[in-house]
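Here the structure comes first, spelled out in C-alpha cells, and everything after it is commentary.
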Number of protein chains: 4
Amino acid sequence: MSRDDKNDETTLSPRAREQRERILAAAQHCFVKYGFHAASMANIAEAAAMSAGLIYRYFPNKSSIVLAIIERQSEMELEDIRALGASTDPVDALMECFVEWSRPRPDMRIMNAALFLETSAEATRDKQVANAIHHADELACTEFRQWLEKPAEEGGIGMSPAISERRSLALMLLVEGLAVRAARDPKLDTELLREALAEVVHKLMEE
Amino acid sequence: MSRDDKNDETTLSPRAREQRERILAAAQHCFVKYGFHAASMANIAEAAAMSAGLIYRYFPNKSSIVLAIIERQSEMELEDIRALGASTDPVDALMECFVEWSRPRPDMRIMNAALFLETSAEATRDKQVANAIHHADELACTEFRQWLEKPAEEGGIGMSPAISERRSLALMLLVEGLAVRAARDPKLDTELLREALAEVVHKLMEE
Amino acid sequence: MSRDDKNDETTLSPRAREQRERILAAAQHCFVKYGFHAASMANIAEAAAMSAGLIYRYFPNKSSIVLAIIERQSEMELEDIRALGASTDPVDALMECFVEWSRPRPDMRIMNAALFLETSAEATRDKQVANAIHHADELACTEFRQWLEKPAEEGGIGMSPAISERRSLALMLLVEGLAVRAARDPKLDTELLREALAEVVHKLMEE
Amino acid sequence: MSRDDKNDETTLSPRAREQRERILAAAQHCFVKYGFHAASMANIAEAAAMSAGLIYRYFPNKSSIVLAIIERQSEMELEDIRALGASTDPVDALMECFVEWSRPRPDMRIMNAALFLETSAEATRDKQVANAIHHADELACTEFRQWLEKPAEEGGIGMSPAISERRSLALMLLVEGLAVRAARDPKLDTELLREALAEVVHKLMEE
DNA sequence: TATGAATGAGGCTTCATTCAT
DNA sequence: TATGAATGAAGCCTCATTCAT
C-alpha cells in the first residue's frame, strides 16, 4: 500500500500516469502469457514498446510491477464480486467471470485465472504479496456478506449474519474454484457448469 | 504421458527408480519452498544430496522434473479424492486436505496448495502440462461421480447419473476453492470452514 | 589544460560561468560523498538543482567535470600551502588541513582527503589527469621552497637552495601523508598528531 | 575478517585455492589498471582466463574480491614495514618501496600505490573497508613502534615509548606520503628522494 | 536556455546444462 | 555411476548521453 511518493498516483503527471499504465498493461499481458517469474523485463519493455531502462523511471524494480498488478487484479476481483451482487442473476455473473478468466488473451481485463492462481501461490512465499492478498480477501468477503445480508425490502435476501458468515465463505470457495477450473479446463462445457452453479448458488442463498 | 524410453518406469533398474524418487522428493520440496521457476537445479541437487550433474542422468532437463512432479501430484489428488469417498465423514476428509495443504512445510506429502495452483496456472501456458492435468482431472471427476452414484446397498448415496454430473463438478469447484483458500489464508478459522463445508457438502449430497 | 574553446573561461558569459560554478560545486559534493565513479550525473544534477541535460551545455561529458574538479582541487592545495607559509605557526596550519580534510562533509571546501587520494590514483591511469597533477605539484613544490628560502630579514628562515630542495620534498611527503591519515583514520588523536608534526616540522626547518 | 566458511582458506581444496589465487591475481591486475570501480567482472574474468560466471563459485560478489585484495594488500604493507625494520639501512628499504609502488605494471606484487590510495579513499565511504584498514593500520603502527623501541643490545635504537609514539606516527606519514608521491610523480628523481628520506629518517631515529 | 523522457550499452549476477575426470 | 568445475546465455538494473519540446 505504501507507495513511493514519486509514483504516488495523486502527484503523477498525466504523462507519467500514462506511461505507468502502458507498462502495467504490457506487464499484465506478459505475466498472463509467461507467468510472473518467466516474464522478463525485456518482454515487458517490448510489449510496452519502450526500452527496458525506461521502465525503471516509473517502477523501482520488477517486483513492484508484480505488486501493482496484484493490486489492480484485486480491485477487479472486487468489482467482479460487486457485479455478482448487482446482477439480476448471480449465476450469469459467475458464468461471465468464468468465460472471461479462461479467455486465452484477455487483453482488456486485468483479472485472469492463471494470474490469480500464480498470485495466490506467491502469497505462500512473499510476505508483501500475502499482505496485499489478505487485504483484498477481506474486502471480498465483506462484499459477499453484505450482499447476502441485504434486507429483503432492498431487493436482497436478508440473510442473518450468523448464516452469512458461513455462506460467504462457501461462495468464495466456489468462485475461487471457478478460477481453478478456468485455468485447468477452459473448454469446460458451459451449460453443465451453469447448471451446477445454479444449483449450488441457489442452495446457498436459501436461509 | 509419453515418456522418454530411457526413463520409462517399466524398464528402470531398481537403483534408477530409487534415484528418480530421491530427485523427485527433493524437487517437490524445493518447488513448494521456492516455486517452479525460482527453485534452481542446484537447490534440488542439494536437497537430494547429490551433484547437479547426476540429476541429468535421470531427467533430461528441469522441465521434465516439473512434469514428473505434476504427474505425481495428480496421483496424490486422486488419492485425496478416494479418501474423501472412503471416509465416514467427507467433511473431515476435506478439512484434513485443507490443513495439510496449508501446512508451511508439507515435507511428507506431495500435494500442496501452492504447487497445485502454480501447476494449474502453468497448464494455461504449457501444452504438456495441460494434457497431464486434463487427464488427471478426468480421473478425479470420475472418482467423484462414482462416489456419488455408489448404490445405497453398498453404503453409498446412489445418486442418479444425471444429477451426479452436476454435483461432481460442484464438488470439484469446492475442493479446488479449498486449495486457493489454503494458499491465500492458511490461518483461516477451521471451525468456520468446517461448518461452511458441512453445509454445502450435505446439500450437494442430497438428491 | 587545453580546454574546449566553448568553455574557455575567458570567453564565458557571466551566466555561463555561474552555471559552471554551480555544477562544479555540486559535482565536488557528490564526488566526495560517493567517489568519482559511483557519483552519477543524476546525482550531480540533483545537487545542482538542474536537469541532467543542462549539464551537457556546460561540460561535454562526465570526465571533463572530473578534470575540472581536479584542477580546482589543485588550486586549493596551493592555497593551503601558501597559508602554511603565511601562518605564524606552520604546525597550526597543518593541523587545520588535517581537520578540514577529514571532516565528513566538507561542503564549503574543495580540498578533501578522499578526493585528493582518488585523484592521485587516477593520475596513474589517465594521462590528462597526470598532466594536471604534475603541473599542480610543481607549483606546490616551488611554493614550499620559496617559503623555506625566504630571507630572514623578511621573517623567513633563509634556507639555502641546496637544502631546501630536499626539505621541500620531505614536507610534501608529510603533507600528503597527512591526507592519507585523514582518510584512513579521521579520528586520530589530534594532540598526538600535533606533537608529531611539531617535532618533524621544526627539525625540517632547521638549517 | 570473518570469511564465509565455504571460502575459509583452511577448508579449501587445493584446486579451489588455486582458482581463488588466479582470480585475485587477475583482480589485482585489473584494479591497478582501471581502479576498483572501473574494473568490471568481465575484465577480471578475461584476465583470469575464465568465464565471469565461474568467479562466483569462489567469491560471492565483486566487493568481496575488493575486500580480499585490500586484506592482501594490508599484509604486504606489513611486510614492507617489517622489511624496513630488518634492513641494515631503512632508507634503502623505503626507496625500494617507492620504486616498486611506482612501477607501471607491478604484476608480481600486491602492494601498489594507486591501489593503496584508492583503498584509503574507499575507507571514507565503506564501513567494511574502513574496518579492514583500521585493523591493518594498527598492526603497522605497532610494528613501527617495536622497531624504534628495540633495545640497543639487540641492535635497535631503544627509543623510549613516550617518544616512539610520536615518531612512529611521523614515520607513517612519511611512508604514506611516499605512496602518494609514487602515484603522482613516478619519475621523481630517486637520488633527491633518497637524500630527503635519509635526512628525515635519521632525524626521526635520534632520541 | 532548460527540461526530463528516452535510449542503449554495459555492469553484476544467476543458472540450466555440459563435460572432463 | 558420480562429481562439481565450467560455460554462456540471459536476467535485472544503472547510467552517461541525446533529443524533442
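Just so it is clear, the model here is predicted, and its values are computed rather than measured. Chain letters run A, B, ... following the sequence lines, proteins first and then strands; every chain starts at 1.
- Nucleotide dT21(E) forms a Watson-Crick or G-U wobble pair with dA2(F), both donor-acceptor distances falling under 3.5 Å.
- Remark: C1' of dT17(E) and CD1 of I44(B) are 13 Å apart, rounded to the nearest angstrom.
- Taking for each of A16(B) and S40(A) the nucleotide of DNA chain F with the nearest heavy atom, the 5'-most of the two is the partner of A16(B).
- The residue among A52(D) and G53(B) whose nearest nucleotide of DNA chain E lies closer to the 5′ end is A52(D).
- The one candidate from I69(A), N43(A), T119(A), I70(A) that meets the side chain to side chain contact (heavy atoms under 4.5 Å, CB included) condition with F31(A) is I69(A).
- Atom NE2 of H37(A) is separated from atom C1' of dA16(E) by 16 Å (rounded to the nearest Å).
- Within 4.0 Å of A38(D), counting heavy atoms only, lies no atom of the nucleic acid at all.
- Here dA16(E) presents its C1' atom at 13 Å from CZ of R57(D), a figure rounded to the nearest Å.
- A39(D) comes within contact range of the sugar-phosphate backbone alone, with a heavy-atom separation under 4.0 Å but no base atom that close.
- Of all non-hydrogen atoms in T124(B) and A114(A), the two that sit nearest each other are OG1-CB, 3.8 Å.
- In terms of position along DNA chain E, the nucleotide closest to S13(C) lies nearer the 5' end than the nucleotide closest to the other residue of the pair S13(C) and S63(D).
- How far CG of L12(D) is from OH of Y58(D): 8.5 Å, rounded to the nearest 0.5 Å.
- The partner of dA9(E) is dT14(F), by the rule that a Watson-Crick or G-U pair needs both atom distances under 3.5 Å.
- The listed nucleotides are dA16(E), dT17(F), dA5(E); the one nearest the side chain of Y58(A) is dA5(E).
- Distance L54(B) CG to dT18(E) P: 14 Å, rounded to the nearest Å.
- Under 4.0 angstrom from either OP1 or OP2 of dT14(E) there lies no side-chain N or O belonging to Y56(D).
- One N or O on the side chain of R125(A) and one on the backbone of V32(B) form a donor-acceptor pair closer than 3.5 Å.
- Phosphate contact (OP1/OP2 of dT7(F), side-chain N/O of S51(D), threshold under 4.0 Å): present.
- Atom CE in M50(C) sits about 14 Å away from atom C1' in dG4(E), given to the nearest Å.
- In terms of modelled atom types and a separation under 3.5 Å, the side chain of K62(B) and the main chain of F36(B) share a donor-acceptor contact.
- In this entry the distance linking CZ of F59(D) with C1' of dT14(E) reads 18 Å, nearest Å.
- Between Q19(D) and M41(C), the residue anchored nearer the 5' end of DNA chain F, judged by the nucleotide with its closest heavy atom, is Q19(D).
- Atom CG in N61(D) sits roughly 14 Å away from atom C1' in dG11(E) (whole-Å rounding).
- Atom NZ of K62(B) and atom P of dC15(E) are 8 Å apart (whole Å).
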